[in-house]
Amino acid sequence: MPWVSLHHADRVVCSAFCQPRFIMNLKEQIELAVAQSFERLGVTDSPPVVKQAQRREFGHYQVNGVMGAAKTAKTNPRELATKVTEALDLPMAAKLEVAGPGFVNVHLDATSIAEQLDLLGNDVSLPSPEPRHFAVDYSAPNLMKEMHIGHLRTNAIGDSIVRVLEAVGHQVTRVNHVGDWGAQFGSLLAYLDQLHTTEISTELKDLEVFYQSASKLFKSDEAFAERARGYVVRLQSGDEQCMKLWRQFIEESIQHCQEVYKRLDISLTREDIHAESAYNDDLPIVVAELEQQGLIEESDGALCVFLDEFTGKEGNPLPAIVRKSDGGFPYMATDLAAVRYRAEKLRADTVLYVVGAPQQLHLKQVFAVAQAAGYLTDQEFRHLPFGSIMKSDGKPFKTRDGAEVKLIDVIDEAVARAHQLVKEKNPDLSEEKHRTIAEIVGVGAMKYAELSKNRGTDYIFDWDILLSFEGNTAPYLQYAYTRIQSIFRKAGVTPGDLRGKITLREPAELDLGVKLLQFPEAIETALEDYQMNILCNYLYELSGQFMSFYEHCHILKQTDQGIQQSRLRLAAMTANTLQQGLGFLGIKTVDRM
RNA sequence: GCGCCCGUAGCUCAAUCGGAUAGAGCAUCGGCCUUCUAAGCCGAGGGUUGCAGGUUCGAUUCCUGCCGGGCGUACCA
């Protein structure tokens, strides 16, 4: 039986005659065996439900599906579990036991695990789902202002999702839907216009200060406010001199963004920018198309789409306003135009919006109106909301607090702290090395702090937690990696030189070996709901497993050549997995730190 | 008022979608550097998962009610 298909997966995997990198992962192998065992016993319609065991004493994997099956079949769960175990053809299991109300605990066999590791060589196996075209909308800063700490989430999460999707073979379009249009630009342009050419570049250096000076003038100086309003009109009507100023400002602001991306190692480039203003010409068309569909109603002078499912205060119908009473277009219109573009022009199969949770209702409306307008056929448009960052008192950051923490300042602080530490830990390295390492470690810590949290929940901003280098942090993973590099330096070999097979004698070796084989499972689980914290968790556990192995199974002191080669191979595979996994998170590794 | 999200150890967070005795990190306490980098390892203490019911073999997870917090709720984005 060369080909077998898994009922729950949308792909076919082969068991015998194909490349090692396409072998099933451990969980799938067990699932398949349990499913076959169920079949032999005449149990149908019950999934095996195989999971990694939560406690080591329960084996490596546990089968939870027997209890559900027993319920449907109205039989005793423990008896059924015993039968399933007897009918189970799973050579890779060293021991199977029925436990608790009807669990089957699977203890894996060291020899089989070693064989599977040998099949991989020094490669890392990845899931290979059916390729799709993804568009991922993330980052999307407002170009009026500089990015603040709140922008870290969409950048870190979005960029990581993009990297993982690409790694498993999907086509990915990065979309940076920057805010470069709107009434607020009036005062910025008016302010820009009254500067002397010599002052412009210095003034724009700090966008935050620029923005604040302009809005202060807008409030205090009536003549200035009047000019600002005039600029809005001129901007919207495409006045050439005004557009020139606007382009100058936008250019400068994009420059700022790209610098931050570069610093943060975010993979967005200028080519990924598809700004709000790019849809300007589409906005009247979208409204006209909605009109043709009979979806538009006028209300208080605004053009609206009312859908039954949306109600506002006091149960009143809640409109999706696509044109304001003053004739301007709100972001509902822009976002609809963006949906239309992404579905019809970009032809993406799945579009992910990595946008904060407060936008939930808005995006729900956007998708619903787009659906009603016929822009969507079978594409999947999904909002991936993330929680807000709160202040230490648990209250959310408000724009008016003015005390928002600039993203670039957080980066500087992270790098400064890392620099201090690496100088202290490794004084022999050159200053240049110190700086390079500090940049990678500091930025890694920041990004990992974001990624390792469940994306849905709000969390509290705290310098010391965000910039911690101990425990479950990126530096811990990077440190595990440097320890491995150090071993190879001292041994004077490179992973490519390694000969010999893997043998897993010590418990620490077996646990590390199993953990290594679970990488594709972690990726798969993380992609189910685009939760990168699951990948973080895996990498942390892998590092922990390695650290334990490192302490208990000395490598260079080992006199038995076979054992030493085996351990070096385990170390090499760990390093490889860590580097790839961290790469998926947008975090680099260093050879020393 | 209505809708969505949340409430877990002193603090910050997990818990792979209903599984076993709820896990980490930080902080606290105790061990481990003449041995591959101590950003580390080994161990200890710390919990009525906001409260009260319900569903079932089994609930942090699902349902109902209450308490507390956040966000949203027509022309800012």
Side-chain angles (χ1 to χ4, degrees), chain A residues 49 51-55 57-58 62 64 67-68 70-71 77 99-103 105 142 144 179 182-184 276 299-304 310-326 328 330-332 334-335 356-362 364 385 387-388 390 394-396 418 421-422 424-426 441 449 452-454 456-460 462 464-465 468-473 475-476 478-480 482-491 521-522 524-526 528-529 531 533-534 537-538 540-541 544 547-548 550-552 554-558 571 592-593:
Chain A
V49 195
K51 292 182 176 182
Q52 291 177 20
Q54 290 190 355
R55 311 170 62 120
E57 58 189 284
F58 298 147
Q62 60 184 56
N64 295 347
M67 290 171 290
K71 191 176 215 168
F103 297 99
N105 294 339
N142 190 324
M144 287 194 307
Q184 305 90 323
E276 285 183 344
S299 175
D300 292 339
L303 299 185
C304 311
F310 298 104
T311 50
K313 286 174 188 162
E314 317 299 323
N316 293 325
L318 182 72
I321 298 177
V322 294
R323 205 184 75 189
K324 298 188 288 178
S325 50
D326 67 3
Y331 79 143
M332 176 64 68
T334 317
D335 282 343
Q359 297 299 323
Q360 218 152 168
L361 176 61
H362 168 69
K364 236 179 168 166
S388 311
M390 313 292 215
K395 301 277 185 218
L421 192 57
V422 70
E424 200 177 295
K425 299 274 182 190
N426 234 327
V441 171
S452 59
K453 290 181 185 81
N454 183 310
T457 49
D458 297 342
Y459 77 90
I460 297 189
D462 182 300
D464 292 330
I465 289 172
S468 164
F469 301 141
E470 285 167 19
N472 188 0
T473 63
Y476 179 86
Q478 291 167 323
Y479 183 59
T482 63
R483 281 182 145 184
I484 298 170
Q485 300 313 304
S486 178
I487 291 170
F488 277 95
R489 268 198 307 277
K490 293 225 156 110
E521 290 173 38
E524 227 164 43
T525 310
E528 271 170 26
D529 199 32
Q531 302 184 102
N533 63 316
I534 289 175
N537 226 329
Y538 167 80
Y540 179 61
E541 282 168 13
M547 293 292 194
S548 184
Y550 179 92
E551 303 282 344
H552 293 107
H554 209 282
I555 296 175
L556 297 181
K557 244 173 36 182
Q558 181 56 245
R592 295 172 213 261
M593 62 188 275

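Below, chain A is the first sequence line, B the second, and so on; all start at residue 1. Reckoned from all heavy atoms, side chains included, excluding hydrogens, waters and symmetry mates.
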Task: Distance-minimising heavy-atom pair for A:P475 and A:V441 - done: CG-CG1, 3.8 Å
Open item on the list: Quick check: closest heavy atoms across A:P385 and A:A357, and the distance to 0.1 Å?
Closed with: CB-CA, 3.7 Å
Can you tell me how far [atom1] in [N] sits from the matching atom in [M], rounded to whole Å?
{"N": "B:G43", "M": "B:U37", "atom1": "P", "value": "23 Å"}
{"N": "B:A59", "M": "B:G53", "atom1": "C1'", "value": "14 Å"}
{"N": "B:U60", "M": "B:A9", "atom1": "P", "value": "14 Å"}
{"N": "B:G45", "M": "B:G30", "atom1": "P", "value": "15 Å"}

Any idea which of [options] is nearest the [X] side chain?
{"X": "A:P358", "options": "B:G72, B:A74, B:C13", "value": "B:G72"}
{"X": "A:K51", "options": "B:C17, B:A38, B:U35", "value": "B:C17"}
{"X": "A:M390", "options": "B:G70, B:C13, B:U73", "value": "B:G70"}
{"X": "A:N454", "options": "B:U56, B:G70, B:A15", "value": "B:A15"}
{"X": "A:Q62", "options": "B:A20, B:U37, B:A74", "value": "B:A20"}
{"X": "A:R55", "options": "B:C57, B:G23, B:G25", "value": "B:G23"}
{"X": "A:S325", "options": "B:A74, B:C13, B:C75", "value": "B:C75"}
{"X": "A:H554", "options": "B:U35, B:A14, B:U16", "value": "B:U35"}
{"X": "A:P330", "options": "B:A77, B:C13, B:C41", "value": "B:A77"}
{"X": "A:K324", "options": "B:U73, B:A77, B:G72", "value": "B:A77"}

Task: Any-strand Watson-Crick or G-U partner of B:C2, both distances under 3.5 Å - done: B:G72
- [ ] Using both distances under 3.5 Å as the test, list the Watson-Crick or G-U wobble partner of B:G7, or none.
- [x] B:C67
Return yes if the base of [N] and the side-chain atoms of [X] contain a donor-acceptor N/O pair under 3.5 Å, otherwise no.
{"X": "A:N533", "N": "B:A15", "result": "no"}
{"X": "A:R592", "N": "B:U37", "result": "no"}
{"X": "A:K557", "N": "B:U35", "result": "yes"}

Nucleotide [N], atom [atom2] - distance to [atom1] of [X] in whole Å:
{"X": "A:Q54", "N": "B:A24", "atom1": "CD", "atom2": "P", "answer": "12 Å"}
{"X": "A:E521", "N": "B:U16", "atom1": "CD", "atom2": "C1'", "answer": "10 Å"}
{"X": "A:M547", "N": "B:G25", "atom1": "CE", "atom2": "P", "answer": "12 Å"}
{"X": "A:Q359", "N": "B:C71", "atom1": "CD", "atom2": "P", "answer": "14 Å"}

Task: Whether A:F103 stacks on the six-membered ring of B:A20 base, 5.5 Å and 30° limits - done: yes
Open item on the list: Between B:A24 and A:Y540, is there a base-stacking contact, meaning the centre of the base's six-membered ring lies under 5.5 Å from the residue's ring centre while the planes stay under 30° apart?
Closed with: no
Open item on the list: Pick the closest RNA chain B nucleotide for A:A302 and for A:V422 by heavy atoms, then say which residue is nearer the 5' end.
Closed with: A:V422
